[in-house]
Structures are given as structure tokens and as C-alpha cells.
Protein chains: 2
Amino acid sequence: MLLSKATPKSERKKALDEYILKKRLKSTKQRDIIFDEFFNYPGQHVTVEELYEKLKKQNPKIGYATVYRTLKLFKECGLAFERNFGDGRARYEPVKFEGEHHDHLICIGCGRIIEFANLRIEQYSRGVAKLNDFEVLNHKLELYGYCSSCTRGRDK
Amino acid sequence: MLLSKATPKSERKKALDEYILKKRLKSTKQRDIIFDEFFNYPGQHVTVEELYEKLKKQNPKIGYATVYRTLKLFKECGLAFERNFGDGRARYEPVKFEGEHHDHLICIGCGRIIEFANLRIEQYSRGVAKLNDFEVLNHKLELYGYCSSCTRGRDK
DNA sequence: CACAAATTGAAATTCAATATCAATATTACA
DNA sequence: TGTAATATTGATATTGAATTTCAATTTGTG
Ligand SMILES: [Mn+2]
Ligand SMILES: [Mn+2]
Ligand SMILES: [Zn+2]
Ligand SMILES: [Zn+2]
């Protein structure tokens, strides 16, 4: 998963500030707080609810809608990916470096998610697109199954 | 997309009847009607709502919940796939032959969907899974972008 | 400071998915 | 064939995440 050095947080903050300037949005302390929490969040693929609950501990007045809107903002300006692993809730994760792409192995036993990037797969995907005269902007590959610990502890 | 001969409708009906028998469910005329409509539906990837609207024309008394439940039943017994292309509504499509798998190119301009199957991609996916000690049961590959007609008519 | 414009947070709304439940249909079997 | 047990149906209600609304507040610009 380490194909390139991760963008430092300071640089991401700069990118956000630039986006805010460009779009004539405003800098607010809520956005700063959510920025800090999101880019320091320990787990991967956090839901709005999860981040909101975490934030409330230090900032009881923050609103769910603000967290929701701010994560969308991060996505808009290319700082976050929105993911949907089929459990009916959107999840967000930081873009680790510019132009990054990765896919997911998802354990249907314990929910564990493993990230991977495979150049071959990307390559063949592009081939399929060209064959069909498609201009592909992004793609999503998800492998669902059981991780090693879940396979072991399973009947059959 | 034609890797094998499509299962004839009669055989699918038999599969459904067997499933119903095995699970001690009941044969009903609603299920028969929905079966016929679903496996003859002209478009691909139909939503519950769409199929329901179609059915209502000939069968005004049929309920939405019945269509919903019956499509889930088809999925359960392996006769249908449930898809989610990110527009917030589940879509269903017939399984064309036993063990079939295919993926999708999705046009974000006009909604056109092109199906494909690529053995290389499958192969590398298995490789990734093995590398991570994962037992993969199914996977999903979606390529999002613009189809040829949408690329043409687009500014830049 | 004053104005315009964006943001916030609580609450309301939306909408697909799913559950509820009384009426009805199907099946098993006496 | 009749009857009881069980599953299904369809109208309606509920759920839950996503999104919108809106009055109060904050921010950026001069
Ligand atoms: Mn990820
Ligand atoms: Mn398909
Ligand atoms: Zn697991
Ligand atoms: Zn198109």
C-alpha cells in the first residue's frame, strides 16, 4: 500500500485552504476541528456518525449536519474518498497522496478491510474500457469473502 | 458476454420450483406472474419500482411489497443478481447461466451500462486474495465514466 | 463598524428498504 | 374432500441514513 510518500497534513491543510479561497467559502473553526479529527482518526473508513460521536466528546456543540457537510467538502476538493461497502452507510477515508487509487478486500465475517493496489488489474480495466470506447474516470473493485481468521473459525 | 448458452426459462422455472419445495415455501400466482415479467423484462438492471409499475398494468392488484420480496427470493435461490450502482436503488438482473459472473461499465452521462467479463482481471483478483490469505466469495468491479456518445457531446 | 454572503446546528423532510398484520391462499394430511 | 397449519399477500407503518430547511450566527470585505 505504500506506493508513494503520504502527503503531510500541513499540505492537505493548504490544499483545503486554497479550495476554500477559490470557491469563496469561509474558514471556520468547525472545519478546522473536523479536519484535525478526520486526518488523525485511528480507524480506516469512518462513517459520519462515528466521526461525529468522536468529535462531540471534545466539542459538544458541533452538529451532525456540519460533520456530514464537511466530509462532503473534503471529498469535493479531493482530500477524501467516499466509500460504500454495502452496509448502507457511506464511509470516508483520507486520500493519502495525490492521484492515489486503491481497492478493497472486505471480510463478511468480521468486517476487516484490507487495501490493495494492483497495476495489472488497472491495466486490464483500461483495456476493457478502450475496447468499449469508454472514457473511464474512476473504478471500484471490491473482493468480498473471509479473512484468514474468519476462515479458520468457520464451519466448513 | 456470451460465454455459454443462456439457461432456458423453463429450466429456471424448475429451479425456482425446486427451491420453493425445498424451503417449504408455496407456489402462488403472484410469484408466477413476477417470474414471467422479470425474465422477459426488456431492459437490464431493473429496479423494484420499475418492475412493479410494469406489472401493475396487467395486474392492478399486485403489491409493491410482493414484487420486492419476490425479487429477493429470486436472488436467494440464485436466479438473480442484486446490483447497486450508487444511485441509491437496488437493481436486479437475471443470472443468465449457472455460475455466471460479469462486471459493469457505467456511463455517468446517460446511465448506459455495458457488461463485460475479463478472465485476466478475475485471475489477478484471485492472486490478490491469495496474497492476503483471503477466501473470496464474490467480487464487484465497476468502471465509471463516459460512453462514446457521451464523450462526443461533452465540453472537454 | 457595517454589509453581504456563507455557515452552523437543530429540526424537519425525503425516500428506499424493510417490518407489521389482518385477510387470504396454499399445502399436508386425516 | 375437508380442515388445520402455515405461508403469502398487499396495504400501511416504520426505519434509518441522507439531505434539506431555516433562523441565528459567523466570517470576509471594505
Ligand atoms: Mn480504503
Ligand atoms: Mn449486469
Ligand atoms: Zn474476518
Ligand atoms: Zn453515456
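Throughout, a chain's letter reflects where its sequence line sits, starting with A, and its residues are numbered from 1.
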Less than 4.0 angstrom between a side-chain N/O of [X] and OP1 or OP2 of [N], yes or no?
| X | N | value |
| --- | --- | --- |
| A/Lys29 | D/dT27 | yes |
| A/Arg31 | C/dT7 | yes |
| A/Ser27 | D/dT27 | no |

- prompt: What about the rings of A/Tyr92 and A/Phe38, do their centers lie closer together than 6.0 Å?
  reply: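 Here the rings of A/Phe38 and A/Tyr92 have centres that are no less than 6.0 Å from each other.
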task: Taking the six-membered ring for Trp and the full ring for Phe, Tyr or His, determine whether the centres of B/Phe85 and B/Tyr144 are under 6.0 Å apart.
output: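 No.
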- prompt: In degrees rounded to 10°, what angle is found between the helical axes fit to the five outermost pairs at each end of the helix from C/dC1-D/dG30 to C/dA30-D/dT1?
  reply: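 Nearest ten degrees gives 30° for this helix.
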Whole-Å distance between [N] [atom2] and [X] [atom1]?
| X | N | atom1 | atom2 | answer |
| --- | --- | --- | --- | --- |
| B/Glu76 | D/dA7 | CD | P | 14 Å |
| B/Asp32 | D/dT9 | CG | C1' | 14 Å |
| A/Ile33 | C/dT8 | CD1 | C1' | 12 Å |
| A/Leu71 | D/dT19 | CG | P | 12 Å |
| B/Lys22 | D/dA7 | NZ | C1' | 18 Å |
| B/Tyr19 | D/dT8 | OH | P | 11 Å |
| A/Leu51 | D/dA18 | CG | C1' | 16 Å |
| B/Leu73 | D/dT8 | CG | P | 8 Å |

statement: In 5'-to-3' order, the base (B), backbone-only (S) or no-contact (-) status of each nucleotide in nucleotides 9-20 of chain C, using a 4.0 angstrom heavy-atom cut-off, is BB-----SSBBB
query: Relative to the ring of A/Tyr124, is the ring of B/Tyr124 parallel (under 30°), tilted (30 to 60°) or perpendicular (over 60°)?
result: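 Because their plane-to-plane angle is under 30°, the rings of B/Tyr124 and A/Tyr124 count as parallel.
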- request: Would you please classify the geometry between the A/Phe81 ring and the A/His102 ring as parallel, tilted or perpendicular, with 30° and 60° separating the classes?
  value: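 Geometry flag for A/Phe81 against A/His102: perpendicular rings.
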message: Students often get this wrong, so: under 4.0 angstrom with heavy atoms, is B/Thr47 touching a base, only sugar-phosphate, or nothing?
response: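 Nothing, no heavy atom under 4.0 Å.
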Check ion pair A/Arg12-A/Glu98 (N to O, under 4.0 angstrom):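 So A/Arg12 does not pair with A/Glu98 through a salt bridge.
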task: Would you mind checking if A/Arg91 and A/Glu82 are paired as a salt bridge, meaning a charged N to carboxylate O distance below 4.0 Å?
output: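 No, this pair does not count.
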query: Side-chain donor-acceptor pair under 3.5 Å between A/His45 and A/Glu115, yes or no?
result: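 Yes - a donor-acceptor pair under 3.5 Å links their side chains.
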- prompt: Among side-chain atoms of B/Tyr41 and B/Glu93, is any donor-acceptor pair under 3.5 angstrom?
  reply: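 Looking only at side-chain atoms, B/Glu93 and B/Tyr41 do not form any donor-acceptor pair under 3.5 Å.
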message: With a 3.5 Å cut-off and heavy atoms only, can you find an N or O donor on one side and an acceptor on the other between the side chain of A/Lys26 and the base of C/dA5?
response: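 Such a pair exists between side chain and base.
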message: So for atom NZ, which belongs to B/Lys14, do other residues, nucleotides or ligands contribute more than 12 heavy atoms lying within a distance under 6.0 Å?
response: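 It does not: B/Lys14 NZ has 12 such atoms or fewer within range.
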